[in-house]
Participant: 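My questions all concern the structure below.
In what follows, every heavy atom counts, from backbone to side chain, and hydrogens, waters and symmetry copies are set aside. In this chain, numbering begins with 1 at the start of the sequence shown. Start at 1 and go down the list; that is how both ligands and their atoms are numbered. Only a predicted model underlies this, so the values are computations on that prediction, with no experimental measurement involved.
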Amino acid sequence: MHTNVQFSLLAALTIALGACSPNPAPTTTASPQASGASLTSSATGIAIGIGVAQTSNVALLGQEEVAGAKIAEQYFNSKGGINGTPIKLVFQDTGGDEQGAINAFQALITKDKVVGIVGPTLSQQAFSADPIADRAKVPVLGPSNTAKGIPQIGDFIARVSAPVSVVAPNSVKAALKINPQIKKVAVFYAQNDAFNKSETEIFQQTVKDQNLELVTVQKFQTTDTDFQSQATAAINLKPDLVIISGLAADGGNLVRQLRELGYKGLIIGGNGLNTSNVFPVCKALCDGVLIAQAYSPEQPGDINAAFRDAYRSQFKKEPPQFSAQAFAGVQVFVEALQAVDRQSKVSQQALPALRVALNKQLLVGKYNTPLGEISFTPEGEIVQKEFYVAQIKMDANGNSGKFTYLK
Ligand code: 1QQ
């Protein structure tokens, strides 16, 4: 509260000072005033867009991103924002599909005039919406887009979410550590989703690399609720490991139905099940599901300590990966904006030029985030060092649970 007030005042002061400064910026044809381009900061701050799923079944994942982004906004504004000017997050709900993401991105780019966008939630949405931002030369940071090919969408597209090729194999290795007897593996995936198709490829390759036997590959849709036929077909082949690539609602239902049909072996869930929002779906039967992680609440850095404290005091539980990744996305924009601002005041720059400068800067920085130290390849792929595997531990009542991190 206190800091917000402080920063509104600061921003107003900055602008007022700018307006009656005895040494105003020289007016050239490139100045925003002369060209009629929008100024990038207002009394409320420098606008950063958050285009994630706040409604639909994908909100089970996206709402954790909203939480992480908001914590970042407060945190960085309490530290002075962009060298004294606060940031202001602008939210546009993408819903769960491609068209929703396209609409949200267009609104952020043309109406809200953001400097950059953290979003969308799904890779499936990114393949449709990111090209729009790329053509408009607006930098995008994917907070949770892990499919193969995301940074390659364009020069303005990068991600803070490590790809499935790096993350997913860790859970298979963890399963083998828990049960070295595993031989037969059944794989399930949602065939109507780009991320799930990408993730299952990696899972299936890992199964082969580990000399395990892939006994069946079962397909479903992210909108499905009944998995009896696929689950029965798989169980009949007596797998001792099941690997699921789906989203939270369908994935949680599949876990539940596999257990109800008597499957007793280990289950690995992919990134789409990586939220405590699966707990109400599979309840006590979620217990034991293994999920690879690109974040740990125990990450030892100072910024993670601050993020974790803020999250825990608000939500009374440990922060999840999607919140940490959204925080990291906002952080990258903030720190890159700070660097740009030191060269040439952000508040005085025309928006198109600022977006280009921001994109260039963010790709060369190093960031100490709650995910650990991250940077980017020139193409916009995240370079990250620390990965983990967690296992769901449900309380006896089946209504609450947590992710316990494996050593
Ligand atoms: C992707 C994902 C999602 C499951 C995260 C929300 O990893 O779509 O790429």
Participant: Should the pair Phe220 and Phe188 be assigned to parallel (<30°), tilted (30 to 60°) or perpendicular (>60°) ring geometry?
Facilitator: tilted
Participant: Write down the atom of Gln314, the atom of Ile71, and the distance for their closest heavy-atom approach.
Facilitator: OE1-CG1, 4.0 Å
Participant: Please name all residues satisfying side chain to side chain contact (heavy atoms under 4.5 Å, CB included) with Ala133, sequence neighbours left out, ordered by chain then number.
Facilitator: Phe105, Ile109, Val138, Val140
Participant: Give the protein residues with at least one non-hydrogen atom closer than 4.0 Å to an atom of ligand 1, ordered by chain and number.
Facilitator: Leu61, Thr121, Leu122, Ser123, Ser144, Asn145, Thr146, Ala147, Phe195, Leu247, Asn271, Gly272, Phe322
Participant: What is the minimum heavy-atom distance between Pro143 and Pro120, and which atoms define it?
Facilitator: CD-O, 3.3 Å
Participant: Please report the closest heavy-atom contact between Lys393 and Thr404, naming both atoms and the distance.
Facilitator: CB-CG2, 4.0 Å
Participant: State, to 0.1 Å, how close Ser375 and Lys366 come at their nearest heavy-atom pair, and which atoms those are.
Facilitator: CB-CG, 4.3 Å
